[in-house]
Structure formats: C-alpha cells, structure tokens
Number of protein chains: 2
Amino acid sequence: MASHLTAVKPLAALREACSQCNLRELCLPVGLSADELGQIDELVKLRRRILRGQSLYRTGEPFTALYAVKTGFFKTEILLADGREQVTGFQMAGELLGLDGIGMEKHACNAIALEDSEVCVLPFADLERYFHEIAALQHHFHKVMSREIVRDQGVMMLLGVMRAEERLAAFLLNLSQRFTARGYSPHEFNLRMTRNEIGSYLGLKLETVSRVLSRFQEEGLIQVHQKHIRIIDPAGLKKVLSARQDFTERHG
Amino acid sequence: MASHLTAVKPLAALREACSQCNLRELCLPVGLSADELGQIDELVKLRRRILRGQSLYRTGEPFTALYAVKTGFFKTEILLADGREQVTGFQMAGELLGLDGIGMEKHACNAIALEDSEVCVLPFADLERYFHEIAALQHHFHKVMSREIVRDQGVMMLLGVMRAEERLAAFLLNLSQRFTARGYSPHEFNLRMTRNEIGSYLGLKLETVSRVLSRFQEEGLIQVHQKHIRIIDPAGLKKVLSARQDFTERHG
DNA sequence: ACGGTGTGTTGACACAGATCAAACCCCCCT
DNA sequence: AGGGGGGTTTGATCTGTGTCAACACACCGT
C-alpha cells in the first residue's frame, strides 16, 4: 500500500522525497522509522542549485529555512568590519546549514558554495510543525544542534590551545572521517577549499598551512599534490594530535 | 484570582516556580505569556547548590537535564589528553548549561562553579514533552540553542583573527553588557574568574591578560584592581575592537 | 600551444605573545 | 599578629607564526 502511494506520486516529488534519498542515514531524518520518514516527504518542496562561489545566504538576510546539503560543498564565514574573515565551518553532503539564523531570525554568517552544489530547502516554520507530530524528529533535531555546539567547541580548542601542526592534523583526520562516512576513501581525497580558507578556519595564514603540509609530507605522514591529499600514516597524524613534545619528554 | 491560587501553593513550590522567578525575562521562558508561564511551573522540581570549585557535571557523565543558573557563576571547559584546557564559556544567572550533552547523551565538557551557585534542574525529557503543548517554548528553545551556536562562532572569531587587545576589549564589553542586562552597573563589576581562566577562554596566557589589562589602565580605558574592573571609556574600548592600526592607517 | 590569473611553495626576516623568573599583593588560617 | 599560598604583576628573553617577497605551478580561455 505504501508502495502504491509512492507509485502514483509525481516523478518530481519522488525525486525530492527524503525517504528515497541516499543521504537519509546522514541527514536530518537519521534514525526515523520508515513510517516517520514517509511523513516528512512533503517537508522538502524545494531544491536550490548554488554555483561555485555563489552564496546560499548572507549575513543579515532574513532567516526562513534550514538547508540540507544534497550535493556539493560549502563554507560558512563571518566577517569583521575591517574585512578580516573567519571561516567557521565546511559543510558536505547530508550536513545542515542555517542553524545560526534561528536565534535572531537573520542569518549570522555567509554560506558560500565551494563547488556547484544543491541543497534541500527545509522551511523552518514547517519543520517546527512536524516536530509536534514526530517526536523522534524533534529529538533528533535537538541532537543535531547540540552536536553543532560541541563541534564549535572543538574548534575553540583547536584555535585556543593547539599549535599549527596539531590543527592541521586534526583538520585532515576530521575530513578523512567525514569522507569515510559518505562512502569515500579515508586515505585519499581532494580538498575543496584553498589554503587560504583552510588557514582562515584554523586561525593560521596560508603560508603556514602550506609549510605544515609540506613538513607532513617530508615526514611521510601524507602526500600532497595541490588539492589532492593522500594520508599515508593515519596513526602518525593522530600522534601529532595527542603528543606534545615537551609533554612526552616530561611524562612519557 | 491568580494571587489566590499562588497563595495556596506550598511554599516550596512557590519558591521554585518560573512564573515567580525574577530571571524569567532572561531565562528559558522569556517571551512566554502569563498562561504559558504558569504551565511550566512544574517543570522545575529540583534545585541544586554547587559550591565554589565544585562541578555541576563533568565530561562523559550521562546527560539527563539542562540547568538554568539561578544564582552564581560558572565556567565550562574542555580538556585535552595532555592536560591543556580550553574554557569554552562563562555562564551567569539566567543562562543555560548542558546543551552540549544532548547530542551524544553524555556531557561534552566540565561545568564548574566559580562561586557558590544554585541551578534549576530542567529534566530534558520533560522539557521536550512540554514543547508539544507550548509551541512558543519550543521555538524559544531553538532560538536559545541557535544563539549559543552564534556565540560560539563569535568566540572562533576572537580566537582565530583577533589580537590580544581586541580579545580583551571584546571580553570586557561582553561582560559589561551581560551584567547590565541583569540590572548591574555597566561600568563596574567584579570578575569571578582568574587571569588564567580569562586567558584560557581567550586563547592567551595569564601574563598576557595581565599585561593587556595594565596597558588598558595606562591608556585610561579602564581601572583594574585585582578582580575589580571599572570601565572608564567604553567608547575607547569599542574602538580597540574595530580599529586595527594598519587598517586605519591605510584606509582611515 | 600560449599567456594570464589565481593558487601554492619556499625563503628571509620581524614581531606578538609565550616562557621563564622574581617579586608582590591579598586574603585566609592559625 | 604572623605566616603561607594562591593569584597577579612586571621584566627579560625566546620562539612559532606572521609578513613580505619572489617564484612556480596549474588551469582557463583564446
């Protein structure tokens, strides 16, 4: 009967439906039952294509919807009056954009596509209405927001206490892990962002990023060729993260 | 009639009730109607006293509840394996603690009282149940979480791109603004945290914090005496924030 | 195939903030 | 009242990362 219903849906709707999406295990509806999944198929009525370099939204624009990355790659950034910028995150397929906008009903950063991308539009008022019917969706949404807070606090740790090598090691391992979750190789991937954008995210200058990557290559941890990264020695990278030299000298 | 009803409530309940709390305009129930406020009076069944230096919760402990600071002052911190720590925030009356725990159902940081404090315990499962009945509460909760995300991204900006003086200026202005919202003087307050904790929050060493505060004093921006701060020239502090020297030289 | 432009690499040097060290202050405890 | 200890200030020096600069590479459109 469910299959009969979907069969008569217009093709367009079928294509859009969360229940048919191969990202459903990564995206907002993760953990929903088949029934619940079917219930939210009408939530996404709209997709948006964003070309590389274009913005999905900009600081100050009214907030109306969250966006789930369907394909492509984004960065979010905040700008200071004098032009200095901080990249606050990189978002890939299945990840949510726009959470920053709920609080003030205005977006609090720029979201910019780093490659041609497509997003599902989740009108937030609709979403909150669904929460009343589907407690699991509400609960999962709270988890997503909470994890975003924890992720941000991890970035604070990066920026506040780690040295350049540790930041880069953490960054590469994080990317590797997220690519893996999406079915790509953990050992090999292409960076979608420039050295400057990596630096801005990690609180470093692009020259430092470049130098540290070169050093990692000399040490046999990775191979770098432009945007292509091959992780040779993941354990070695993890060691960079956990082992400050003076600490191991003193204690280990 | 409302006064009659509250009069017959047990004294304990009266003391606990959100509708009677003088923080209701700052805390989670902000913006609720009187009716809605009455509805959540039973949410908080428990208060906890935390002595100075004690923890409200620690990393890894199971998450069951959010906490609203009733009186006192907290810090949240995350620790690296080698002992380095990052203070991720300071929380004062009316602010919420524990949002970090929702995602993984375990707390992701330590919350430590910087003075003898009292918190209202908001069992999270109960809270989510209230959301179904009170849409405004649900919506406001989402705003609170979103603002926490935006706050964290502001800290990333601090840590990623600002110089030491800018970080301290932003920190002092932020404290001043939050004290003001609580009815205290914008110009004069006591720091509840040590130089070391300020430094950890701002990604600086305590000596640097001390030096910058001394410099601000020499420049007539503030007066510092131990933990007591008097802001003499708020506009001057704001200028420290917005005006990078080389930028104003080039463009101003 | 060929410049042009955006991006990345590498080197030399500078500097903000870290580190090390000493003294000081304030408050609390006995 | 005196002593102790945590917290703070200040000075001298060191260092990791920034800054400036020159060049190399890659990809684009023509």
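Please read all numbers here as calculations on a predicted model, not as lab measurements. So you know, we letter chains A, B, ... as the sequences are listed, proteins then strands, and number each from 1.
- Applying the side-chain hydrogen bond (donor to acceptor under 3.5 Å, both in side chains) criterion to B:Y67, with sequence neighbours excluded, gives no partner residue.
- At whole-Å resolution of the value, CG in B:N190 and P in D:dT8 are 12 Å apart.
- Taking a cutoff of 4.0 Å between a charged side-chain nitrogen and a carboxylate oxygen, B:E77 and B:R84 do not qualify as a salt bridge.
- Residues of residues 193-209 of chain A having a heavy atom closer than 4.0 Å to DNA chain C, listed by number: A:T194, A:R195, A:L206, A:E207.
- Set against D:dG7, C:dA12, D:dA12, the side chain of A:R211 has C:dA12 as its closest nucleotide.
- Listed by residue number, the members of residues 214-225 of chain B with any heavy atom below 4.0 angstrom from DNA chain C are B:H225.
- Scored by the side-chain hydrogen bond (donor to acceptor under 3.5 Å, both in side chains) test, B:T59 finds B:N110 as partners (sequence neighbours excluded).
- Annotation: side-chain hydrogen bond (donor to acceptor under 3.5 Å, both in side chains) contacts of B:S55 (sequence neighbours excluded): B:R58.
- Look at CZ on A:R192: it is 17 Å from P on C:dT7, rounded to the nearest Å.
- With hydrogens and angles disregarded, no donor-acceptor distance shorter than 3.5 Å links the side chain of A:R49 to the backbone of A:D116.
- Regarding B:H228, its NE2 atom lies at a distance of 16 Å from the C1' atom of C:dC26, rounded to whole Å.
- If you measure from atom CZ of B:R163 to atom P of C:dA18, you get 13 Å, rounded to the nearest angstrom.
- Between the CG atom of A:L191 and the P atom of C:dT9 there is a distance of 10 Å, given to the nearest Å.
- Every pair passing salt bridge (Lys or Arg N to Asp or Glu O under 4.0 Å) that includes a residue from residues 188-199 of chain B is listed here, sequence neighbours excluded: B:K75-B:E197, B:E115-B:R192, B:E188-B:R230.
- Shown here are the side chain to side chain contact (heavy atoms under 4.5 Å, CB included) partners of A:T180, two or more places apart in sequence or in another chain: A:S176, A:P186.
- Residues in residues 203-221 of chain A take part in these side-chain hydrogen bond (donor to acceptor under 3.5 Å, both in side chains) pairs, two or more places apart or across chains: A:E165-A:R215.
- When the side chain to side chain contact (heavy atoms under 4.5 Å, CB included) test is applied to A:V69, the partners found at least two apart in sequence or on another chain are A:F74, A:Q91, A:L97.
- With sequence neighbours left out, the side-chain hydrogen bond (donor to acceptor under 3.5 Å, both in side chains) criterion links A:R182 to A:E95.
- An angle of 40°, rounded to 10°, separates the two end axes of the helix from C:dA1-D:dT30 to C:dT30-D:dA1, each defined over five pairs.
- For B:F63, the ring-ring contact (aromatic ring centres under 6.0 Å, His included) partners two or more places apart in sequence, or in a different chain, are B:H107, B:F124.
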